[in-house]
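Have a look at the structure below, then the notes.
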Amino acid sequence: MADKTSGKDKSRQPEREEKNHIPLGLPSPPFIRQPISTIHETQIQAVKEIFSDCSDVVFRNVMITPEVKGLLVYIEGIVNSADIQEHMLRPIIRGLVQQRTDKPDVPLDDTTVELTQVKRVETWAAATEGVLASSALLVVDGSSEAWMFNVKGGVRRGVEEPQTESVIRGPREGFTETLRVNTALLRFKLKTPSLKMVSMTLGTETKTDIVLTYMEDIADPKLIRDVKKRLEKIKIDGILESGYIEELIEDHPYSPFPQMHYSERPDTVAGNLLEGRFAIMIDGTPFALIAPVTMWQMLQASEDYYERFFISNLVRWIRFLFVAIALFLPALYISITTFHQDMLPTTLILSIAGAREAIPFPALVEALIMELSFEALREAGVRLPKTVGQAVSILGALVIGQAAVQAGIVSAPMVIIVSMTGIASFTIPRFNFAITVRLLRFPIMLLAGMLGLYGIVIGLVLISVHLTQMTSFGVPYLSGLSPYSKTDTKDILIRVPWWKMINRPSTVQDNQKRMNEKINGSPEAEEGW
Amino acid sequence: MQFMYKYRAVIVLLLCTTFISGCWDRKEINDVAFVIGIAVDKEGENYRSSLQIALPGQSGSSGSEGGGGGTSGDKSWFMLSNTAKTLRGTSLEGQKALSRRIYYAHRRTMLIGEDLARDGVASMLDLFTRYPLNRFSALPVVTKGEAYAVMDTDAPIEKFPSEMVRELCFLNMRNPRSLKTFIDAILSDGVDPFLPVASKVDNVPKDWKDVKTNIKLDGLAVFKKDKLVGMIDKAPADALILAMGEANAPEVMVKSPRGEGDIFIKLNENNSSLHPSIKNDKVTVTIQLYAKGVVVDNESNYGDLRETEILKLNDAIHKKIKEDIVEGVRLIQGKYRADILGIGRSIHQHLPKEWDKMKDRWDDIYPDVEVNVIPHVIIENVGVVNKPIGVVEEDIIHD
C-alpha cells in the first residue's frame with residue numbers, strides 16, 4: 001500500500017503505517033520512522049543504518065549538479081543494472097553538463113530521466129519499502145523528498161507450459177512467478193476495462209504483492225467486498241505461496257474439501273472470471289486462486305470446454321465414475337469379501353478366495369498395507385529428483401506388483417484393486433481435490449472393514465451431509481444440484497454445447513447473458529454448395 | 001474439530017446404530033467353505049446330504065502359486081457327506097468335520113435322489129427356502145439313482161459337476177425350473193411340477209482308456225404334488241418342453257415328404273399358448289404352437305426346396321410336432337396323470353367360473369381332457385444351399 005501513497009493520501013499515511021505495518025519481529029531502526037532529512041550527511045547515515053549488514057545493497061555517490069550531491073541506493077540482483085546505467089545515470093550526467101549554466105537549484109524532474117514510474121517519497125519507511133521492492137532510491141542533498149525509480153529486474157522465469165495442468169488442446173502458456181507477467185497474461189485474454197485488478201501488499205516481512213482480479217460488471221459486488229475484507233484482515237509475517245492465503249480466507253478451515261481452486265492457466269482464470277468469480281494472483285507463485293467454487297468445478301478440466309461437447313461429456317462421466325471408484329473401490333472390496341460374499345458371482349468369489357488362500361491378514365489389513373505403500377510410493381515419486389524417481393516406480397512395481405504377491409503377503413486381486421484406485425485418483429483434474437478423495441478413502445475403508453456395506457453407507461451419508469452444508473464464499477458447495485438450479489445443470493453432469501450456454505451461472509446476478517441466442521448451426525447454405 | 005462439535009449428536013446417533021443393529025457378521029473369505037452344490041438322498045429313515053465344497057486353493061488361480069501348492073489330488077472340490085434325521089441335521093453333522101463355516105449362498109444346484117423324490121420332497125424343501133442364505137434361484141434336478149453318485153462325477157469340462165448341471169439346465173430350457181418355480185408349481189392348483197433328470201454317463205466306452213464320468217441331462221421327472229411319479233424319456237420330454245414354449249432352439253427331425261432320408265429343422269423362435277374350451281362338460285384344450293424354422297440339414301434326396309416343396313415340408317413338420325406332443329401328452333395324461341403343462345391352470349385363467357366348478361374333481365377330469373395340438377411353423381430359411389449338395393441332379397426327387 002505504502003508505495004502507492006502520494007499527494008492526497010499523505011494525511012492517511014502515518015496512520016496506516018502504524019496500523020498495517022507493526023513489525024512482528026525485531027524493532028526497526030529508529031531512522032525508519034522519521035521523515036527524510038535535508039542534510040546529506042544525515043541522509044547517508046540513515047540509509048547506511050537502515051541497510052546495515054546488507055551486503056547486497058549498493059550505495060553510490062552521484063553528482064547531480066556540481067553543487068548538489070546525491071546518493072543512489074539499490075539492491076543488486078533484483079534491479080536491472082542496465083536500466084540504471086542507461087536510462088538513469090547517463091541522463092543525469094548529461095543533464096549535469098547542460099545544467100552547469102542553467103538553473104542549478106532544480107536538480108531533477110520527471111523529464112530528466114528516461115524511466116517510467118518515477119515518484120517522490122518523503123519518509124524513510126516508504127523509501128525503504130521501495131528499495132526492497134526493486135526500485136532505485138536517489139536521495140538528494142538539501143531535499144526532503146527522495147526519488148524512486150522503478151528499475152525492476154533480476155532473473156525471472158519465462159512463460160512456459162504449465163506443469164500441473166497440461167492439455168492436449170488449449171493454450172500452452174502458464175503463469176510465472178512474476179506478478180506483472182501474470183496480470184499481463186490475463187489482460188491479453190480479457191481486453192476490457194471491466195477487468196479490475198486491485199493490488200494489495202500482504203505480509204509484514206515478505207511484503208508480497210497480490211492482485212485481486214474480477215470482472216466488475218459480472219462478479220457480485222457483495223462477494224468482492226467480502227473477499228476484500230477477508231484479505232485485509234490477514235496479518236502475517238509472510239505470504240510465500242497461494243496456499244497461505246487460501247487457508248487464511250476460506251469458509252471451513254476444518255473441512256478436508258478444498259474451497260478454492262488454483263490454476264496455473266490464464267485461460268482457466270479468464271473463464272472463471274467470466275463466470276463471475278474472482279481470482280487472487282500472488283507474486284512469487286504461478287498459482288492463482290479462484291473462488292467461489294463448487295464441487296463440480298473440481299471435476300472439470302479446462303479441456304472440457306475446448307473439445308467437442310460429446311467427447312467432453314463422455315470424459316466427464318468417466319471422471320465422475322472414477323471419483324466414485326477412487327473413493328469406494330477398496331472399501332467395496334473389503335466389505336464384499338468379508339461381509340457379503342454372496343454378492344459376487346460364484347466363479348469370481350472362488351478365484352478371489354483362491355488368491356487369498358495363503359494370505360495371513362484380514363482383507364482390511366491387507367488393503368491398508370497396500371494403500372499405504374501406494375501412497376508412500378506416490379509421495380516418494382513426487383519428492384524425489386526426477387532422475388531417482390524412476391527407480392522408485394520400478395521398485396514399487398516390483399515390490400508391490402509381484403514380490404508381495406508371490407511372497408503371499410498380499411493377494412493379486414488386491415493389487416488390481418489398489419492399482420485401479422490409484423489410476424482413478426489420477427483422473428481427477430484438480431490435485432487438491434484428488435488428495436481429499438485419497439484421504440477420505442482411508443476412513444471409509446475402516447468403516448467398511450468394521451461394518452461392511454453398512455459402514456460404506458454411513459461414510460457416504462457423513463460425506464454428503466458435510467458437502468451439503470459447506471459453502472465457498474457463500475456459495476453452496478454442491479450448488480447446481482443442491483440447491484437445484486435448472487439452468488446451472490448445463491455445466492455439471494453434462495457439458496452442453498457452447499451454443500446452448502447462453503447464460504452465465506445463476507450466481508451471477510446481473511449481466512447474465514453471455515451470448516446471443518440462436519447462433520448455433522450453419523447459416524443457410526449458399527447457392528453453389 | 002468444529003465439524004465434529006457441530007454434528008456430535010448426529011455422530012453419536014450413527015455410532016449407536018452400529019452397536020445396536022447387530023450387523024456384525026464379518027467373516028473372512030478364508031474362513032468360509034463355499035458350498036457349490038448339494039445332493040440329497042434318502043438312506044432308510046435318514047437323509048444323506050452330500051455337499052460339494054469348493055477348494056479355492058486347488059482352483060489353479062495364479063495368486064495361490066506361492067501358497068504351498070495342492071497335494072490332495074487335483075480336484076478343485078471335495079464332497080462332505082453326512083446322514084441325519086433331518087436335512088438341517090446333516091449340515092450340522094458336516095460342520096463338525098469342517099474347519100470352515102459352511103456357506104450356502106453360492107449353492108446353485110440341488111440334486112435330489114430318485115428314492116427321495118418318490119417319497120416326497122415337501123418337508124425338506126423348507127430348509128432351502130427359509131433362510132436368506134439359501135437361494136431361491138438354485139436349480140433342483142432329479143437324478144437317476146443316487147444323487148451323490150451323479151454329483152461325484154469328473155465332469156471335466158467345468159470346474160465343478162454342479163456347475164455342469166447348472167449349465168445343462170440353462171441349455172435345456174429357456175427358463176430352467178428354479179426352486180421358486182418348482183415350489184410355485186407344487187402349491188398351485190391346476191399344474192404339477194416337473195424337473196429335469198440328470199444321470200451319470202461315461203465319456204467314452206467303458207473299456208476304452210482314460211474313462212471319465214460325465215453328467216447327462218435327459219428327460220423330465222414328473223411330480224404329482226411333491227412326489228415323483230415317473231420319468232419321461234428324452235424325446236417325449238423335448239416335445240413337452242416345446243409344447244410349453246420353453247424350448248431352447250430345438251431341432252426337429254422330419255422324414256422327407258418323398259424320397260429317402262430325413263431333414264432337420266431348427267425352430268429358432270417358438271412360443272405356445274393353451275386355449276381351453278368346455279362343451280357339455282367335455283373339456284377340450286388346444287395347444288397353439290408358433291415357431292419359425294430353418295432347415296439345418298437335409299440328409300435325404302428330396303427336392304431343391306422350392307416353394308411347393310417347402311409347403312410340403314411344412315406339412316410334414318406340423319404332422320411330426322403334433323405326433324410328438326400328442327405322444328408326450330398321452331404319457332403324462334394317461335400314465336402319470338400329472339398335469340405338468342398346466343392345463344388346469346389355463347382353465348383357471350380363461351374360464352374361472354368353470355374352474356371353480358371342477359377344481360375339486362380336477363384329478364379325475366384331467367385324464368379325459370381332449371388335447372388338440374395346432375402347430376404353426378413357418379420355414380423361413382432353407383440354408384445356404386437349397387439342393388442336397390452331395391446328390392447329383394438326376395437323383396434328386398422333386399415334387
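Order of the sequence lines sets the chain letters (A, B, ...), proteins ahead of strands, with each chain counted from 1.
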Tell me yes or no: between the side chains of [X] and [Y], is some donor less than 3.5 Å from an acceptor?
| X | Y | value |
| --- | --- | --- |
| B/E246 | B/N175 | yes |
| B/Q52 | B/S162 | yes |
| A/S335 | A/H340 | no |
| B/R107 | B/N134 | yes |

[X] and [Y]: which non-hydrogen atoms are nearest, and at how many Å?
| X | Y | answer |
| --- | --- | --- |
| B/S178 | B/L139 | CA-CD2, 3.9 Å |
| A/S411 | A/Y333 | OG-OH, 4.1 Å |
| B/T153 | B/K200 | CG2-CG, 3.4 Å |

* Per-residue contacts, residues 95-104 of chain B versus chain A, heavy atoms under 4.5 Å ->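 Only B/R100, B/Y103 of residues 95-104 of chain B have a heavy atom under 4.5 Å from chain A.
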Quiz item: Under 4.5 Å, heavy atom to heavy atom, which residues of residues 33-41 of chain B contact chain A?
Solution: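 Hits under 4.5 Å: B/F34, B/I36.
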**A/P345, part contacting chain B, at a heavy-atom distance under 4.5 Å** =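 Contact with chain B is through the backbone of A/P345 alone.
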query = Side chain, backbone, both or neither: which part of A/T346 has a heavy atom under 4.5 Å from chain B?
reply =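 Both the backbone and the side chain of A/T346 come within 4.5 Å of chain B.
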Practice item. Run the salt-bridge test on A/K222 and A/D226 with the 4.0 Å N-O cut-off and return the result as yes or no. Key: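 Between A/D226 and A/K222 there is no salt bridge, as every charged N stays at least 4.0 Å from the carboxylate O atoms.
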_For A/R230, is there an ion pair with A/E232 - N to carboxylate O distance below 4.0 angstrom?_
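Looking at A/E232 and A/R230, the cut-off is not met.
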(Q) A cation-pi test, strictly: NZ or CZ of B/R108 under 6.0 Å from the centre of the six-membered ring of B/F160 and no more than 45 degrees from its axis. Yes or no? (A)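 The answer is no; the distance or angle limit is not met.
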